[in-house]
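Below is one structure, written out as structure tokens; comments come after it.
In listed order, ligands and their atoms are each counted from 1. This structure is a prediction, so every number in the text was calculated from the model and none was measured.
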Amino acid sequence: MTNETWGTVRQELLKSIGHSNYVNWIEPLEFARIDNGVVTFNVPTVFIGDWVSRNFGDRIISQMGKSGETVNRIEFQVQNVASRPAPAARTDERRAPAPRAAPRPEADLPGAQLDTRFTFDTFVVGKSNELAHAAARRVAEGEVVTFNPLFLYGGVGLGKTHLMQAIAWELQARHPELRVLYLSAEQFMYRFVQALRDKQMMDFKQMFRSVDVLMVDDVQFISGKDSTQEEFFHTFNALVDQRKQIIISADRAPGEIEGLESRIVSRLQSGLVVDLHPTSYELRLGILQKKVEQYRPQFRGVEIGAGVLEFLAHRITTNVRVLEGALMRLFAFGSLVGREVDLQLTQECLIDILRQSDKRVTVEEIQRKVSDHYNIRLSDMLGPKRVRTFARPRQVAMYLCKHLTQRSLPEIGRRFGGRDHTTIMHGIRRIESLKDSDNQIAEDLELLRRSLQDQ
Ligand code: ADP
Ligand code: MG
């Protein structure tokens with residue numbers, strides 16, 4: 001294949017995977033050679049190679065086929081890696097059960113790929129995340145282990161994964177000698193189950209115990225999964241004993257994760273626990289401004305009109321991911337229609353997102369807000385105790401879930417510790433009748449509703 005053929009293949013990929021994927025993943029590839037059905041590309045990092053082969057490998061191979069090249073495998077080699085043999089992130093084109101390879105000592109940590117966008121540079125700091133950010137920065141220095149573990153928690157889309165991966169990038173840059181392993185709790189469980197099945201527990205244990213920094217994202221995932229928790233606990237202890245840094249994230253505080261063993265909870269609480277609060281208007285605006293800078297080179301010529309960013313920051317409030325998606329869509333639209341993206345175009349283009357975010361309140365948010373409001377623990381609100389101090393807030397939360405979310409009663413029941421839908425209905429009725437006779441309840445409801453809807 002010549003560079004020219006690769007040029008054609010790239011054009012086709014651009015059409016099929018979209019501009020931003022193309023810029024992020026295909027542009028960094030440099031065609032090196034093709035040999036015996038194996039095409040090799042130079043890539044700047046192992047992660048990019050790995051990501052590309054997982055997500056676009058098949059597509060690249062089939063596109064090459066269409067351009068007349070017989071290719072059945074892609075290999076990546078990392079450039080600019082001084083004095084190390086280039087670790088080839090080799091991938092068979094189909095991820096059929098891989099032949100069990102001899103364990104490769106280095107380079108074979110079973111982590112997730114890091115997203116190249118999730119660095120400290122691109123993270124915007126505001127009041128709601130400054131503590132989490134400062135803690136992450138400290139840990140990313142990779143010097144003395146002061147807080148162990150660092151436990152980050154907060155609602156969906158508030159930047160937990162971004163911060164964790166920023167730590168990983170930073171550590172890799174500052175201390176390339178450290179073995180940093182980032183993975184989701186789900187991947188941890190998957191590896192564990194796989195090791196059990198393949199009778200490779202020794203390898204599994206050894207590998208996890210040999211890392212210098214372990215990062216596990218979304219740890220709430222292992223709640224209720226007993227044997228995974230057990231293994232996680234042992235890994236955790238072994239690493240803490242060796243004074244290795246551990247960083248954990250979850251969507252709620254350790255004590256609020258149901259179905260998590262208490263010894264794990266107290267282990268998780270033994271370091272530094274920091275939360276990411278819901279974003280403020282100013283932070284959202286700051287994030288949008290930063291993203292505009294980032295997108296601009298990809299969308300040359302697209303102008304975002306006056307007031308548009310402010311409008312988005314005002315209207316899309318709960319989840320930064322949705323906010324970003326909205327902005328990305330505006331850029332894409334702008335480049336299609338070839339005129340300035342003004343407020344009117346914004347509203348037309350984002351009608352579905354705006355409509356959703358108007359009532360975008362989750363059961364979890366309601367539960368959290370209500371338990372804060374009444375000053376009780378979330379676990380007590382969700383738990384079985386029937387004393388009035390817990391039962392009343394619980395019923396208030398049920399009522400709000402019914403009115404502010406689209407969830408059905410059985411769904412709400414499941415999220416309230418597996419209660420039956422008739423219990424939920426009873427709770428809702430109770431509040432409906434109370435709010436006419438009890439001013440305090442009526443006021444609480446109004447306050448909670450407002451703070452949930454316009455946060
Ligand atoms: P979480 O893991 O908490 O659900 P993520 O870390 O995946 O959330 O963040 C969702 C999206 O929002 C990501 O694209 C991330 O880059 C972006 N984001 C969140 N917080 C910030 C921030 N403070 N600055 C810049 N981008 C952010
Ligand atoms: Mg996440």
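- The side chain of Glu324, and not its backbone, has at least one atom closer than 4.0 Å to an atom of ligand 1 (non-hydrogen atoms only; side chain from C-beta on).
- The OG atom of Ser16 sits 11.0 Å away from atom CD of Gln11, with the distance rounded to the nearest 0.5 Å.
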Intermediate values then yes/no, side-chain contact (heavy atoms from CB on, under 4.5 Å), Ile248 and Tyr153: CA-CA 8 Å; Ile248 307 282; Tyr153 75 94; over 6 Å; no
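- For atom 6 (O) of ligand 1, the closest heavy atom belonging to the protein is His162 N, 2.7 Å.
- Every N/O-N/O distance between Phe118 and ligand 1 stays at or above 3.5 Å.
- Between Gly159 and ligand 1, a contact under 3.5 Å exists for at least one N or O pair.
- Within the set Thr161, Asp217, Asp115, Val320, the minimum heavy-atom distance to atom 12 (O) of ligand 1 is found for Val320.
- Here Thr161 reaches the Mg ion (ligand 2): one of its N/O/S atoms is less than 2.8 Å from the metal.
- Here is the list of ligand 1 atoms found below 4.0 Å of a heavy atom in Val124: 22 (C), 23 (N), 24 (N), 25 (C).
- Looking at Thr122 against ligand 1, only its backbone comes within 4.0 Å, counting heavy atoms.
- Remark: ligand 1 and Leu158 share an N or O pair separated by less than 3.5 Å (distance only, no angle test).
- The proximity of Lys291 to ligand 1, defined as any non-hydrogen pair under 4.0 Å, is limited to the side chain.
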